[in-house]
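Just so it is clear, the values below take in all heavy atoms, side chains as well, and ignore hydrogens, waters and symmetry mates.
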Amino acid sequence: MSKKNNPAHNAEENYTSIIEKDPAETYKSILGEDTEEEERRFTAELKAEAAAAEAKQAKEASAKKSSTKKILTIAGITAASVALVGCLTVAGVGIYNKFGVKPVLSTENTKVDTKVMTCIYKDMVNMYVSNYGAEVLLNNYGMDVSKPLKEQPYPYDETVTWFDMLMDQSISAMEQQLVIYDAANAAGHTLTERELQQIEEQVAATDISTYGNGVTEADLRKALEIQMMSSSYYAYYMNNTIFSDEELEEYYNANALAYQTCGLGGFSINYLNEESEEGATGLPQDEAKAIADQLAAAKSPAQFEQIVADYLVEYEDYTEDQLENLLPSLFIDNFTYSAGHELAEWAFGGAKVNETYSISDSSAYYVYMLTSEPKRDETPTVNVRHILFMNGEDNKGDAEAALAEWEAGEATEDSFAELANTYSEDGGSNTNGGLYEGVYPGQMVPEFNDWCFDASRKPGDTGIVETSYGFHVMYFSEAGGPMWKSTISEMLVQESYSAWFEEQKALYPVTINDAAVNGLEG
């Protein structure tokens, strides 16, 4: 919890945290990943020990998987984050022996050969360079992309190389793509005309020679087709897995505490004891206890706040400006339940509004006040459509042209959806008319979010918004349901996908040829 939202106070550090339950991890589309973007970017300030801890964990996992390769993770970038984008595959049956090209990964229906795996690997390397910059990679992590990465030790585990780490991420991503690709074919899923056009545009814009290893334009075209198919079918599954209001209500009733929040205020008062270090600040214990008792006897948030203000002025010489900055942070309205946590069990266990609760330890008294009863989050969400232009030379011009085309036609929500399926480059929504349902405040990138939640927004509104992903042609569909429904729906959809994917893995098992992997150039 940040200091801004922390309701408890400490004389030495200004704040002492109320323990909150970590939010459940939910599926986020490309538009929503902005809120996590900094976590995916490693910078020069990254702590070596944090990266080392991740490397150790990944190394232990790899030992269970294979004795011939090691899986490493760095700075939050995992195979899962690139499972559906940025890697290339190619399929074919019966051609490998004829031309002497070894399969690296294969299912019963699909094979990825050494040439294509080279493309996948180099695409992964290029993603790192694009995201973080060659200079940062070289100066801070010893990764010199101008030289073979097989010769460059990974900085946090010198028993493996940068090649090992990046190749393993590439293979992990490809395993997932191959499973989804085979499942898509089995279900009769096909690519749209726009998706096929995007493939041709990408082939035309690519310098095939940069892949090396004999990769041809035909290889790339087929590779992009398979990549597009797996991404498209993933989006199709996610967008067409829908839970009814009755199902959402039933799940909520069975797990209510996990989706409730309450209002809480808190303050702490340090006191000196025999173990206090020389120079430590604090009151004699009896004086601290007397102030804590006053707080515990408060009957309203206003009275609680006034007692805190009097204490800060008298004992800590706070100015009016300091009080103005601190006092609002005494209270939060989104305290969440955590099983077994003393304060949470009290707050969610039948406490009444304005009731107080006291806790003490060997150096401080903590007093809390419940300011609102636990309830589910009824924050309204919205349903919105968009058309994303992210790769062209004139993204803004393309967006303006698409909006003009819509305005010159029927100018309905259905016609907007058709244009989204034709033009949008957002793989998370360009198969369902660009639609995102149950969008809640703060879920999307800031500019996208601000447009959606403008107080004047009404159904049928359109506009163009620029974000870090490109230009978005926006269409406001309607207000959605409450946030608790959106949160539970996202979680259930992700759980459904995870279970479905495990079933597909069993139907379409992927075989990895470690010898072929180790023989790849790097």
Side-chain angles (χ1 to χ4, degrees), residues 61-62 65-66 68-69 71 77-97 99 101-125 127 165-191 195-196 198-199 202 211 213 215-216 218-238 427-428 431 496-520:
S62 68
K65 182 174 180 181
S66 172
T68 59
K69 60 176 185 167
I71 301 175
I77 298 183
T78 65
S81 69
V82 291
L84 297 173
V85 294
C87 292
L88 305 176
T89 68
V90 67
V93 178
I95 65 172
Y96 298 93
N97 291 335
F99 293 99
V101 181
K102 297 179 181 179
V104 180
L105 292 88
S106 59
T107 66
E108 183 178 351
N109 307 310
T110 311
K111 290 178 171 45
V112 174
D113 65 24
T114 51
K115 293 196 302 180
V116 176
M117 199 64 217
T118 298
C119 286
I120 298 165
Y121 165 72
K122 289 189 176 180
D123 191 50
M124 180 68 74
V125 174
M127 184 193 74
M165 194 274 287
L166 295 177
M167 179 58 73
D168 215 80
Q169 288 196 10
S170 300
I171 289 173
S172 295
M174 189 49 44
E175 286 183 90
Q176 296 182 55
Q177 282 204 348
L178 290 182
V179 170
I180 299 171
Y181 171 71
D182 277 4
N185 280 328
H189 187 76
T190 58
L191 297 177
E195 288 169 334
L196 293 172
Q198 287 178 317
I199 291 172
Q202 184 62 41
Y211 289 109
N213 200 33
V215 173
T216 67
D219 293 327
L220 179 59
R221 180 175 291 106
K222 187 62 179 180
L224 291 171
E225 178 187 338
I226 304 306
Q227 179 194 16
M228 185 72 77
M229 178 72 86
S230 60
S231 177
S232 175
Y233 193 57
Y234 169 81
Y236 173 84
Y237 182 93
M238 299 299 288
T431 60
S496 175
Y497 169 76
S498 297
W500 172 84
F501 183 76
E502 289 303 314
E503 293 174 358
Q504 305 312 304
K505 282 176 62 178
L507 291 173
Y508 311 108
V510 178
T511 300
I512 301 174
N513 183 342
D514 286 324
V517 173
N518 294 332
L520 290 170

Aromatic rings Tyr497 and Trp500: how do their planes relate, parallel, tilted or perpendicular, breaks at 30° and 60°?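 Taking Trp500 first and then Tyr497, their aromatic rings sit tilted (interplane angle of 30° to 60°).
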
Between Asn185 and Asn109, is a side-chain contact (heavy atoms from CB on, under 4.5 Å) present by the stated rule, with each step listed? CA-CA 10 Å; Asn185 280 328; Asn109 307 310; over 6 Å; no

Rounded at 0.5 Å granularity, tell me how far [atom1] in [X] sits from [atom2] in [Y].
{"X": "Leu220", "Y": "Gln227", "atom1": "CG", "atom2": "CD", "result": "9.5 Å"}
{"X": "Thr114", "Y": "Leu520", "atom1": "OG1", "atom2": "CG", "result": "6.5 Å"}
{"X": "Thr431", "Y": "Met238", "atom1": "OG1", "atom2": "CE", "result": "11.5 Å"}
{"X": "Leu196", "Y": "Leu224", "atom1": "CG", "atom2": "CG", "result": "11.5 Å"}
{"X": "Met174", "Y": "Leu105", "atom1": "CE", "atom2": "CG", "result": "7.5 Å"}
{"X": "Gln504", "Y": "Thr107", "atom1": "CD", "atom2": "OG1", "result": "12.0 Å"}

Taking Asn213 for its side chain and Val215 for its backbone only, find out whether a donor-acceptor pair lies under 3.5 Å.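 Checked: no pair found.
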
Is any side-chain heavy atom of Tyr508 closer than 4.5 Å to a side-chain heavy atom of Tyr181?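 A side-chain contact is absent here, since even the closest heavy-atom pair is not under 4.5 Å.
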
Side chain proximity check, Glu225 to Met228, heavy atoms < 4.5 angstrom: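 Answer no - side chains too far apart.
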
Using every non-hydrogen atom in the two residues, find where Pro103 and Ala516 come nearest and quote the distance to one decimal.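 Smallest heavy-atom distance, with atoms named: O-CB, 3.9 Å.
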
What's the shortest heavy-atom distance between Met117 and Met167, and which atoms?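 Nearest pair, atom of Met117 first, then Met167: CE-SD, 3.9 Å.
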
Go through the steps to decide whether Ile199 and Leu191 satisfy the test side-chain contact (heavy atoms from CB on, under 4.5 Å), and finish with yes or no. CA-CA 10 Å; Ile199 291 172; Leu191 297 177; 4.0 Å; yes

Ring center gap for Tyr237 and Phe501 short of 6.0 angstrom: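 For Tyr237 and Phe501, the ring centres are not under 6.0 Å apart.
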
According to side chain to side chain donor-acceptor pair (under 3.5 Å), who are the partners of Thr511, at least two apart in sequence or on a separate chain?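 Residues passing side chain to side chain donor-acceptor pair (under 3.5 Å) with Thr511: none at all.
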
Using the rule given for side-chain contact (heavy atoms from CB on, under 4.5 Å), can you reason through Ile512 versus Glu175, listing the C-alpha separation, both sets of side-chain angles and the distance that settles it, and then say yes or no? CA-CA 9 Å; Ile512 301 174; Glu175 286 183 90; 3.6 Å; yes

For Tyr121 and Leu166, what are the C-alpha separation, side-chain angles and deciding distance, and is it a side-chain contact (heavy atoms from CB on, under 4.5 Å)? CA-CA 7 Å; Tyr121 165 72; Leu166 295 177; 4.0 Å; yes

